[in-house]
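Report on one structure; see the data block that follows.
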Amino acid sequence: MDGDRLMAAFERHILHPQHEDIRSRRDHPEGMTIETNWGSYYFRTQDWLIAQEAWVADAVRVVLSSYSECVPAPTYGLIVPTEGEVVPINSTAAAHELGRRLGESLDPLAYAELLAEFYSVPDIEGPVVDAVAVSEFTKSGWLVRDVDQILAEFPFLDPATLYPPAVRQSADRVEMSFTSCHYHQAFLGSADVLEWTVSGSPDGDVRWQRGYAARCVSRPAVVFRAR
């Protein structure tokens with residue numbers, strides 16, 4: 001992990017300079033931690049599929065752990081290339097630009113994995129998307145690669161709304177469809193299921209479309225009965 005490059009990317013893409021001050025930085029074997037007046041940012045390398053691409057040096061998840069309890073954890077993704085600028089996945093412009101690699105130097109499933117984690121939140125219209133997880137110990141979104149694995153995590157979801165990715169690739173275009181899940185704290189813990197279609201080509205024409213297959217599906221409440 002290149003701490004100096006990540007520090008520069010943090011200051012450019014994540015830090016809120018008008019309201020947030022850096023207090024310290026610690027490098028350690030697990031990654032890096034930056035302390036600000038907002039909380040602790042934990043940098044950890046990830047085994048995302050994109051990390052297997054030859055042009056990628058590191059794939060890093062950054063999670064803000066607030067000093068307050070029971071506060072959702074903002075989550076950021078940084079792709080560190082072997083050469084060039086760090087790619088901030090939460091930037092919609094950067095994420096679309098990344099899609100131009102589809103079919104050439106980016107596995108479609110690797111792209112779907114990133115979209116599923118960082119773009120399954122309700123609002124993705126801004127230039128920067130706030131991918132929020134329920135805690136620092138979980139993800140903001142899941143790509144449905146194996147339906148049974150997702151049901152093991154979210155047994156209250158309807159299997160009929162879930163399906164693994166399908167990829168169609170021609171000489172000049174990649175098209176894929178997939179589903180993703182986003183877990184949030186509304187209604188004692190509930191999940192959304194989203195259906196995606198994504199197409200891209202090296203000429204820069206990258207399109208995302210998504211819709212809800214299910215929304216706010218609640219985890220069953222645990223009922224305790226007096227004996």
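Heavy atoms only: backbone and side chains are in, while hydrogens, waters and symmetry mates are out. Please read these numbers as outputs of a predicted model, since none were measured by experiment.
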Q: Determine the minimum heavy-atom distance between Ala59 and Trp48, stating which atoms define it.
A: CB-CE3, 3.5 Å
**Q.** Of all pairs that satisfy side-chain hydrogen bond (donor to acceptor under 3.5 Å, both in side chains), the ones with a partner from residues 138-152, not counting sequence neighbours
**A.** none
**Q.** Separation of Glu53 CD from Ile79 CD1 (nearest 0.5 Å)
**A.** 10.5 Å
Q.
Give me the atom names and distance for the closest heavy-atom approach of Ala95 to Tyr111.
A. O-OH, 2.7 Å
(Q) If I compare all heavy atoms of Leu157 with all of Ala191, which pair ends up nearest, and what's the gap? (A) CD2-CB, 4.1 Å
**Q.** Non-hydrogen side-chain atoms of Phe43 and Thr33 separated by less than 4.5 Å
**A.** no
Q: Mind checking the OG1-CH2 spacing from Thr179 to Trp196? Nearest 0.5 Å is all I need.
A: 11.5 Å
Q | Residue pairs fulfilling side-chain hydrogen bond (donor to acceptor under 3.5 Å, both in side chains) with at least one residue in residues 72-95, sequence neighbours excluded | A | Arg12-Glu85
Q. Does a side chain donor of either Ser40 or Glu35 reach within less than 3.5 Å of an acceptor in the other side chain?
A. yes
Q: Output all residues satisfying side chain to side chain donor-acceptor pair (under 3.5 Å) with Tyr119, sequence neighbours left out; order by chain, then residue number.
A: none
**Q.** Audit row: Thr36, Glu20, side-chain hydrogen bond (donor to acceptor under 3.5 Å, both in side chains) steps and yes/no
**A.** CA-CA 7 Å; Thr36 77; Glu20 193 174 13; 2.7 Å; yes
Q. Please walk me through it: do Val174 and Val198 pass side chain to side chain contact (heavy atoms under 4.5 Å, CB included)?
A. CA-CA 8 Å; Val174 174; Val198 175; over 6 Å; no
Q: Can you measure from CD1 (Ile34) to CZ (Arg23) and round to the nearest 0.5 angstrom?
A: 14.0 Å
**Q.** ILVMFWY cluster, Leu151 and Val144 together (side-chain gap under 4.5 Å)
**A.** yes
**Q.** Student check: side-chain heavy atoms of Ile89 and Val129 closer than 4.5 Å
**A.** no
Q: Report the residues that fulfil ring-ring contact (aromatic ring centres under 6.0 Å, His included) with Tyr42, sequence neighbours left out, ordered by chain and then residue number.
A: none
Q. Are Trp208 and Phe178 close enough that their ring centres sit under 6.0 Å apart?
A. no
Q: Check the hydrophobic clustering (I, L, V, M, F, W, Y; side-chain heavy atoms under 4.5 Å; chains of links allowed) and say if Val121 and Tyr212 are grouped together.
A: yes
**Q.** Step-by-step side chain to side chain contact (heavy atoms under 4.5 Å, CB included) determination, Val60 to Met1
**A.** CA-CA 9 Å; Val60 180; Met1 179 181 288; 4.2 Å; yes
Q. Should the pair Asp4-Arg25 be classified as a salt bridge under the 4.0 Å nitrogen-to-oxygen rule?
A. yes
Q: Give a yes or no on whether the backbone of Leu49 and the side-chain of Glu113 come within a donor-acceptor separation of less than 3.5 Å.
A: yes
Q.
So, using side chain to side chain donor-acceptor pair (under 3.5 Å) as the criterion, who are the partners of Asp107 when residues are at least two apart?
A. none
(Q) According to a hydrophobic-cluster definition based on side-chain heavy atoms being under 4.5 Å apart (Ile, Leu, Val, Met, Phe, Trp, Tyr only), do Val217 and Val134 belong together? (A) yes
Q: Would you name the heavy atoms of Gly99 and Val206 that are closest together and state the gap between them?
A: C-CG2, 3.6 Å
Q) How many angstroms lie between CE in Met7 and CG in Leu15, if you round to the nearest 0.5 Å? A) 8.0 Å
Q: Run the numbers on Leu114 and Leu143 for side chain to side chain contact (heavy atoms under 4.5 Å, CB included), then give the verdict.
A: CA-CA 8 Å; Leu114 295 176; Leu143 173 65; over 6 Å; no
Q | Co-membership, hydrophobic cluster, residues Leu98 and Val56, 4.5 Å side-chain | A | yes
Q. Applying the 4.5 Å side-chain criterion to the ILVMFWY set and letting contacts propagate, would Phe118 and Val193 be lumped into a single cluster?
A. no
Q: With sequence neighbours left out, write down each residue that passes ring-ring contact (aromatic ring centres under 6.0 Å, His included) with His28, or none if nothing qualifies.
A: none
Q) Within a reach of under 6.0 Å around CZ of Arg207, are more than 12 heavy atoms found that belong to other residues, nucleotides or ligands? A) no
(Q) Could you measure the distance from the CD atom of Glu11 to the CG atom of Leu6? Nearest 0.5 Å is fine. (A) 11.5 Å
Q: With sequence neighbours left out, write down each residue that passes salt bridge (charged side-chain N to carboxylate O under 4.0 Å, His left out) with Asp21, or none if nothing qualifies.
A: none
Q.
Between Arg219 and Pro155 (side chain of the first, backbone of the second, donor and acceptor by atom type, cut-off under 3.5 Å), is there such a pair?
A. no
Q | Test item: Ile50 and Leu106 side chains (from C-beta on) under 4.5 Å apart, heavy atoms | A | yes
Q.
Could you check whether any side-chain N or O of Asp27 sits under 3.5 Å from a backbone N or O of Met32, counting only pairs where one atom can act as donor and the other as acceptor?
A. no
Q | Pairs meeting criterion side-chain hydrogen bond (donor to acceptor under 3.5 Å, both in side chains) with involvement of residues 153-177, two or more places apart | A | Tyr163-Glu195, Ser170-Asp172, Arg173-Ser199, Arg173-Ser201, Arg173-Asp205
Q) Do you know which two heavy atoms are closest between Cys216 and His184, and how far apart they sit? A) SG-CE1, 3.7 Å
Q. So which heavy atom on Arg5 is nearest to which on Gly84, and how close?
A. NH2-O, 2.7 Å
**Q.** Partner set under side chain to side chain donor-acceptor pair (under 3.5 Å) for Asp130, not counting sequence neighbours
**A.** none
**Q.** Any pair counted as salt bridge (Lys or Arg N to Asp or Glu O under 4.0 Å), so long as it reaches residues 89-102, sequence neighbours left out
**A.** Glu97-Arg100
Q | Chi angles and distances behind the side-chain hydrogen bond (donor to acceptor under 3.5 Å, both in side chains) call for Ser180, Ser120 | A | CA-CA 7 Å; Ser180 67; Ser120 292; 2.7 Å; yes
Q.
Which residues pass the side chain to side chain donor-acceptor pair (under 3.5 Å) test with Trp55, not counting sequence neighbours?
A. none
Q | Any donor-acceptor N/O pair, Asn37 side chain to His19 backbone, under 3.5 Å | A | yes
Q.
I need the full list of salt bridge (Lys or Arg N to Asp or Glu O under 4.0 Å) pairs touching residues 117-129, with sequence neighbours left out, sorted by first then second residue.
A. Arg61-Glu117
**Q.** Rounded distance (nearest 0.5 Å) linking atom CD1 of Ile22 with atom CH2 of Trp38
**A.** 12.5 Å
Q. Using 30° and 60° as the class limits, which term best fits the ring planes of Tyr41 and Phe10: parallel, tilted or perpendicular?
A. perpendicular
**Q.** Residue pair Pro74 / Val63, side-chain heavy-atom distance below 4.5 Å
**A.** no
